[in-house]
Structure formats: structure tokens, C-alpha cells
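Data first, discussion second: the structure below is written as C-alpha cells.
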Amino acid sequence: LRFVFLIIALVTGAASGLGLTWLLSSQESAFAALRIGAWQAWLKSGTAEADPYTRAAYARSGELPVGLGEGIAFRAVHDDAGRALDGRCITRIRGRVLPARFWTLSLYDEHGRLIDNTANRYAFTSAEIVFEVDGQFEIRLAPRALPGNWLPTGDVSHFSVVFRFYDTPTGVTARSEAAEMPKIEQERCP
Amino acid sequence: MKWLALPLIAGLVLGGLVHLVSILAMPRLSQDDAFARLDRLGPRNVLVQLPDPTPFAATLARMDPAVVAAACVYDLSRKALQVRVPATPDLTMVSFFTRHGQIFYALNDRAANRRSFDLQLMTSAQRAALPQDEEVTLADRLIVESPVTRGIVIIRAFVREPGARDIVRAMLKDASCKPAE
């Protein structure tokens with residue numbers, strides 16, 4: 001019986017331990033993140049102070065973080081109301097952004113790959129976008145073409161949006177808790 | 001079934017330990033992290049332009065499609081490394097990572113006055129070994145001290161719209177990575 005005891009303990013240990021690791025390393029840790037609305041940034045990623053979960057996530061995904069010296073990257077996987085971003089719906093991103101020399105907004109599927117579409121459009125840059133008179137902008141993410149700033153979502157069920165700000169003025173990160181980020185709203189869902 | 005409770009509890013405690021150890025060990029054990037992926041692209045101490053990411057293939061996860069990137073996996077065990085970064089129309093950034101993806105130095109063309117620039121990457125031992133008088137003539141060159149012997153240099157150039165991609169790519173051909181003389 002002692003042998004059975006040992007086997008059960010070992011199997012439970014290995015399964016629960018490795019399972020938890022697999023689950024928690026599939027994305028950066030939920031703690032240690034800076035949140036503005038639905039946007040999350042991991043300011044310490046790529047530094048010696050990064051938490052072990054974020055480090056494990058980068059080691060597993062094969063991504064190189066944007067360092068603080070280069071800029072800031074924000075990611076969103078749900079809208080402001082907490083609904084998961086769905087490529088079959090129309091999602092609106094509207095507002096103002098942090099000051100930066102350039103920014104880019106791109107869409108990725110669950111595995112961190114770009115989203116396939118016939119228009120071959122994967123991202124917007126701050127230089128391409130059409131701004132409104134008051135300096136705000138609106139980008140719509142939808143499976144089919146829309147007038148204005150449109151990015152195709154290719155009908156995927158889940159996607160994430162990554163907002164990267166390059167060459168931000170010094171101090172932006174220190175004050176970023178108060179920074180303004182655009183709102184994410186689901187406009188219509190079939 | 002009561003006898004099952006004890007081994008299960010012992011198992012869960014063990015599971016907690018397994019979890020902690022495996023999370024901490026993952027950066028060292030990963031066979032497919034950024035360093036491993038870039039190392040497969042070519043020889044070390046040589047700069048390679050990364051192919052544009054597509055929905056079906058990308059060198060690294062979540063690459064920015066509006067950036068042209070070149071990478072150099074370095075090994076300083078024999079010699080220091082000389083890195084040349086050209087200026088591109090909009091924004092050029094160079095970042096130095098350790099083998100485990102920690103950034104220890106980053107610079108962009110604004111800091112370098114929008115011109116191309118040269119950097120010398122060396123370990124602290126190599127820096128200490130520089131002849132004293134030579135250090136004076138090197139003063140106008142940028143010396144970056146690497147805390148590790150192996151790591152990654154990434155040069156990223158921003159592309160404001162897809163039509164400018166070929167121009168930026170051509171300008172990035174002037175970038176290089178080579179062992180210092």
C-alpha cells in the first residue's frame with residue numbers, strides 16, 4: 001500500500017505542478033501589469049526585475065520584449081465591458097494616445113501570429129492613420145471592409161490587439177498610470 | 001476512499017514545488033526562446049535581416065509588422081563586437097539583450113543625432129584590457145559593456161507605411177555586426 005501511496009502522490013504532484021506551469025506561462029502574469037482600461041503593459045518585461053511568470057512566458061512564446069528604452073507596448077484581449085475580442089464582430093478603438101514619436105497597432109491570433117486576410121493588412125502606424133479634427137482617432141476592427149481606418153480580423157474567434165509606442169518622451173512611463181488610452185467597444189456582433 | 005486523501009494532499013504539496021521549480025527553470029530550459037530561434041538563422045557574430053512576419057511564418061512571436069528588424073547573435077568569448085547602425089528615414093533603434101532576453105542597453109537615432117553610429121560591445125574584462133591611450137581615441141565611439149558573453153543585438157527600423165518597406169530594408173543593409181579588429 002505504501003508503494004501505491006507514493007505513486008499517487010508523485011503522479012498528482014507532477015500533473016498539478018506542470019499543469020499549473022503550462023497554464024500560467026501561456027501569457028504574461030496578471031499581476032505586475034500596468035492597466036489602463038482594457039490595456040495592459042508589462043513595464044518590467046525584459047529587465048532584471050521582471051517577475052518569474054513573465055520571464056517564463058517570454059521564454060516559452062519566443063517573443064522579444066519592447067524594452068523601456070525603446071518604448072512601451074500595451075496589449076488588450078477584451079473590450080472595456082470585459083467581452084473577449086471576437087474577430088466576427090465589429091470592434092471600435094477610439095480616443096487619444098500617449099505621446100510618442102511613432103506608434104503602431106497590430107492584431108494577433110491566440111498563438112501570437114498575424115491574422116490572415118486577403119487585403120494583407122496587419123497593422124496601422126501613426127503615420128498612416130486618418131485623425132479627426134480634435135486629434136482623436138477611430139480604428140474599426142472587422143471581418144469585412146469598412147470605410148475609414150479599418151483592420152481586418154479574418155473571422156477568428158479570439159484575437160488580441162497590441163499597441164506599441166516607440167520613442168516615448170522620458171517620464172511617460174513614470175506617469176503612465178494617469179495616461180490616456182483609447183476606449184475599446186464592441187460595436188456590433190452578428 | 002479515505003486512504004486516498006493523504007496521498008492526494010501530499011501530491012498537491014509536491015505539485016506546488018514542481019510548479020515553482022519549473023517556472024523558475026523555464027527561461028533556462030526553453031529550446032524555442034528568442035535566442036534559440038535567432039541562433040538557427042545563421043552563424044554567430046553576423047547580422048541577419050529577419051524576414052517580414054506573415055500569418056504563417058514569423059521568426060519571433062508577436063513581431064511588429066510595421067518594423068524591419070535585423071538580428072545578430074553574439075559571442076564575445078574571443079573578441080569584442082563592432083556594431084554599425086545606419087540611420088533610416090523614420091526611426092532606428094538598437095537593443096542589446098542577454099541570452100535570456102534581458103535588455104541591458106538600448107539606443108535610438110535621436111540619441112545619436114539621426115546619423116548612423118558605431119558601437120563596440122565588449123565584456124568588462126575586454127574593456128579593462130583596452131590600452132590606456134587607445135581609450136582616449138575611442139572616447140568618441142560608444143562602448144557598451146555586456147554583462148554576459150552571449151546574447152542578441154536587435155536593430156529595428158520603423159516603416160511608416162508599407163510602400164516605404166523596400167527603402168528601409170535597403171538602408172538597413174548597411175547595418176553590420178563583426179568581431180572587432
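With rounding to the nearest 0.5 Å, the separation of OH in A:Tyr58 from CZ in B:Arg62 is 7.5 Å. Taking CG of A:Asp167 as the reference point, atom CG of B:Leu91 lies at 5.5 Å (rounded to 0.5 Å).
In the hydrophobic cluster analysis, where Ile, Leu, Val, Met, Phe, Trp and Tyr join through side-chain heavy atoms closer than 4.5 angstrom, B:Val148 is grouped together with B:Phe96. Residues A:Tyr108 and A:Leu151 do not share a hydrophobic cluster, defined by chaining ILVMFWY side chains whose heavy atoms lie under 4.5 Å apart. Cluster membership check: B:Ile9 does not share its hydrophobic cluster with B:Leu17, using side-chain heavy-atom separations under 4.5 Å among Ile, Leu, Val, Met, Phe, Trp and Tyr. Hydrophobic clustering places B:Leu60 together with B:Val73 (ILVMFWY residues linked when any side-chain heavy atoms are closer than 4.5 Å, directly or through intermediates). Residues A:Leu107 and A:Trp150 are members of separate hydrophobic clusters, defined by side-chain heavy-atom contacts under 4.5 angstrom among Ile, Leu, Val, Met, Phe, Trp and Tyr.
Defined by atom type and a distance below 3.5 Å, a donor-acceptor pair is missing between the side-chain atoms of A:Tyr166 and B:Asn108.
Both the backbone and the side chain of A:Arg55 come within contact range of chain B, each with at least one heavy atom under 4.5 Å from a heavy atom of that chain. Within the 4.5 angstrom heavy-atom criterion, no atom of B:Leu29 approaches chain A. A:Ile115 touches chain B through its backbone: at least one of N, CA, C or O sits under 4.5 Å from a heavy atom, while the side chain does not. Only the backbone of B:Val159 comes within less than 4.5 Å of a heavy atom of chain A; no side-chain atom from C-beta onward does. Of the atoms belonging to B:Thr54, it is backbone heavy atoms, and not side-chain ones, that fall under 4.5 Å from chain A. Contact annotation for B:Ala106: only side-chain heavy atoms (C-beta onward) come within less than 4.5 Å of a heavy atom of chain A. Of the atoms belonging to B:Phe104, not a single heavy atom falls under 4.5 Å from chain A.
Proximity of a side-chain donor or acceptor of A:Arg101 to a complementary backbone N or O of B:Asp90 within less than 3.5 Å is detected. The main-chain N or O of B:Arg160 is found under 3.5 Å from a side-chain atom of A:Thr125 such that the two form a donor-acceptor pair. With hydrogens and angles disregarded, a donor-acceptor distance shorter than 3.5 Å links the side chain of B:Ser30 to the backbone of A:Ala59.
Between chain B and the residues A:Leu114, A:Thr12, A:Leu18, A:Val162, the most heavy-atom pairs under 4.5 angstrom are made by A:Leu114. Counting heavy-atom pairs closer than 4.5 Å to chain A, the top residue among B:Pro65, B:Gly101, B:Ala10 is B:Pro65. Highest contact tally toward chain A, considering only B:Ala34, B:Ala57, B:Pro162, is held by B:Ala34 [criterion: heavy-atom pairs under 4.5 Å]. Contacts with chain B were tallied for A:Ser126, A:Ala9, A:Ser106; A:Ala9 has the most, counting heavy-atom pairs under 4.5 Å.
A:Arg113 approaches B:Pro55 most closely through the heavy-atom pair CD-O, 3.5 Å. Across all their heavy atoms, B:Phe158 and A:Phe102 have their closest contact at CE2-CD2, 3.2 Å. Closest of all the heavy-atom pairs between A:Gly17 and B:Ser22 is O-OG, 4.4 Å.
Here A:Glu185 pairs with A:Arg92 under the salt bridge (charged side-chain N to carboxylate O under 4.0 Å, His left out) rule; sequence neighbours left out.
A side chain to side chain contact (heavy atoms under 4.5 Å, CB included) with B:Pro7 is found for exactly one of A:Val4, A:Leu6, A:Ile8, namely A:Ile8. Put simply, the residue from A:Asp51, A:Leu20, A:Thr21 that forms a side chain to side chain contact (heavy atoms under 4.5 Å, CB included) with B:Ile23 is A:Thr21.
Applying the salt bridge (Lys or Arg N to Asp or Glu O under 4.0 Å) test to every pair with at least one member in residues 12-38 of chain B, sequence neighbours left out, gives these pairs: B:Asp32-B:Arg37, B:Asp32-B:Arg40, B:Asp33-B:Arg99.
In this structure, A:Thr104 and B:Val67 have side chains that are not in contact, with every pair of non-hydrogen atoms separated by 4.5 Å or more. Taking the side chain as every heavy atom from C-beta outward, A:Pro65 and B:Phe97 approach each other to under 4.5 Å.
Heavy-atom neighbours of A:Glu132 CD from other residues, nucleotides or ligands within 6.0 Å: above the threshold of 12.
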